[in-house]
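Residue numbering restarts at 1 for every chain, and letters A, B, ... go by the order of the sequence lines.
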There are 2 protein chains.
Amino acid sequence: MELKPLDALKLWHDVVLDTVRRDVPDLSARQLAILLTVYLESPPHTVRGLAAKLDVSKPAITRALDTMGQKDLLKRKRDDTDKRNVLVQRTVAGSVYLSELSDTIIAKANEHIS
Amino acid sequence: MELKPLDALKLWHDVVLDTVRRDVPDLSARQLAILLTVYLESPPHTVRGLAAKLDVSKPAITRALDTMGQKDLLKRKRDDTDKRNVLVQRTVAGSVYLSELSDTIIAKANEHIS
DNA sequence: CTATTCCGTTTCGGAGCCGGATCAGTCTAC
DNA sequence: GTAGACTGATCCGGCTCCGAAACGGAATAG
C-alpha cells in the first residue's frame, strides 16, 4: 500500500469538505480532538488530563464538554473515589457520530489509495 | 491495502491532535477546506464559486481570504478580463503549509495502515 | 482542626466568526 | 446611454470561543 503526498491531501480535502457541508453537528478541531481521544484512548479521562494532552487551557476543555455534552456526544461523571475529579465518558450518540466519520474517511480513502 | 474503521479514526485522531497542538497557524475547518480546494482543484477560483462549493455565505469566504491572506497562505488577484471577479491564487507559504500537513498525514498513516 | 494543595468551574473583557442585507464597481442587453 | 444583472466587499447585531484570574468544594499534610 502506498499513500502519496497528493493522495493524502485529496483524502483530507474530501473528508473536510464533507464535514463542512453537512454542518450538523460541526465540531471545532479541538472538540473533535477531545472526542477522538476519549473514544480511542484508555480511560480515565479527566479535564486536567485532556488539557495537558491537547496543550490547551482547562476552561477550553470545560466549555467543549459543555457543548458536546449538550449534543449527547459525551457525558460527565463524578469520580466516586476522588470527588474532585470529573470522568469523561462515552455515549451512544458519540459512537454513532464517530462511526459515520469513520465511514466517510474509508469511503474517501478507497477513492484515492489503491 | 485495507483501512479498517478503527484505523481510520486513529489516523484522524493523530493528525487532528497534531494540528491542535502546534497551533500556528490554526485554521478552522472552513478555512482548511478553502485552502485545500484552491490547491487541489483546477483554477479559476472565485469567491462565489468557493461559496457555492462549500455551501457557505459569501462573507464567510471573503473573511477567510482576509485571514489566510494575512498569513500569506493565499492571495487575491483581480480578474483582468472581468474586473468584477477576484481570483484566488496559491502562494509559496501555502504550499509549504499543505506539504507539512501531507507529511503528517502520511507519517501517521504508515503507523496505522499495513 | 487548620493550612495547603488540587480539581473543575465560573467570571471577565476581548477577539473572531456568523449570515442577511446592503454597497460600490463592473459588465451586459437593449 | 441607460437599466438591470452580477461581482466581491462591507456593515450590522448576535453568537461563540478565548485564556488569565478568581472561586468553591474536596483531599491531604501538619
Just to confirm, is there a sub-4.0 Å distance from OP1 or OP2 of dG8(C) to any side-chain nitrogen or oxygen of Arg78(A)?
-> no
Determine: side-chain N/O of Thr62(B) to OP1/OP2 of dA9(D), distance under 4.0 Å, yes or no.
-> yes
Examine Val86(A) and Leu74(A) and state if one hydrophobic cluster contains both, with Ile, Leu, Val, Met, Phe, Trp and Tyr joined whenever side-chain heavy atoms are less than 4.5 Å apart.
-> no
Establish whether Trp12(B) and Tyr39(A) are linked, either directly or via other cluster members, by ILVMFWY side-chain heavy-atom contacts under 4.5 Å.
-> yes
Could you work out which one of dA9(D), dG19(C), dC17(C) sits closest to the side chain of Val86(B)?
-> dA9(D)
Out of dG8(D), dT9(C), dG19(D), which has the shortest distance to the side chain of Arg30(A)?
-> dG19(D)
[X] [atom1] to [N] [atom2]: how many Å, rounded?
| X | N | atom1 | atom2 | value |
| --- | --- | --- | --- | --- |
| Leu65(A) | dC7(C) | CG | P | 16 Å |
| Leu54(A) | dC18(D) | CG | P | 11 Å |
| Ile34(B) | dG8(D) | CD1 | P | 13 Å |
| Leu87(A) | dG8(C) | CG | C1' | 12 Å |
| Arg63(A) | dC12(C) | CZ | P | 14 Å |
| Lys71(A) | dT16(D) | NZ | P | 10 Å |
| Met68(A) | dC17(D) | CE | P | 11 Å |
| Arg76(A) | dG25(D) | CZ | P | 17 Å |

For DNA chain D, the residues among residues 36-48 of chain B that have a non-hydrogen atom under 4.0 Å from it | Thr46(B), Val47(B), Arg48(B)
Would you find a donor on one side and an acceptor on the other, under 3.5 Å apart, between the side chain of Arg84(A) and the backbone of Asp79(A)?
-> no
Greater than 12 external heavy atoms within 6.0 Å of Arg90(B)'s CZ = yes
Does NZ belonging to Lys83(A) count more than 12 external heavy atoms closer than 6.0 Å?
-> no
Measuring from Leu73(A):CG to Leu65(A):CG, what's the distance to the nearest 0.5 Å?
-> 11.0 Å
From Lys10(B) NZ over to Leu40(A) CG, what is the distance, rounded to the nearest 0.5 angstrom?
-> 7.0 Å
Would you mind building the protein contact string for nucleotides 22-30 of chain C? One character per nucleotide, 5' to 3', B for base within reach (heavy atoms under 4.0 Å), S for sugar-phosphate only, - for untouched.
-> ---BBS---
Please, which pairs that meet salt bridge (Lys or Arg N to Asp or Glu O under 4.0 Å) have at least one residue in residues 58-69 of chain A, sequence neighbours excluded?
-> Asp66(A)-Arg76(A)
Walking DNA chain C from its 5' end, the first of Asn85(A) and Pro59(A) to be reached, judged by nearest nucleotide, is Asn85(A)
Between Asn85(B), Val38(B), Ile61(B), which is the residue that forms a side-chain contact (heavy atoms from CB on, under 4.5 Å) with His45(B)?
-> Val38(B)
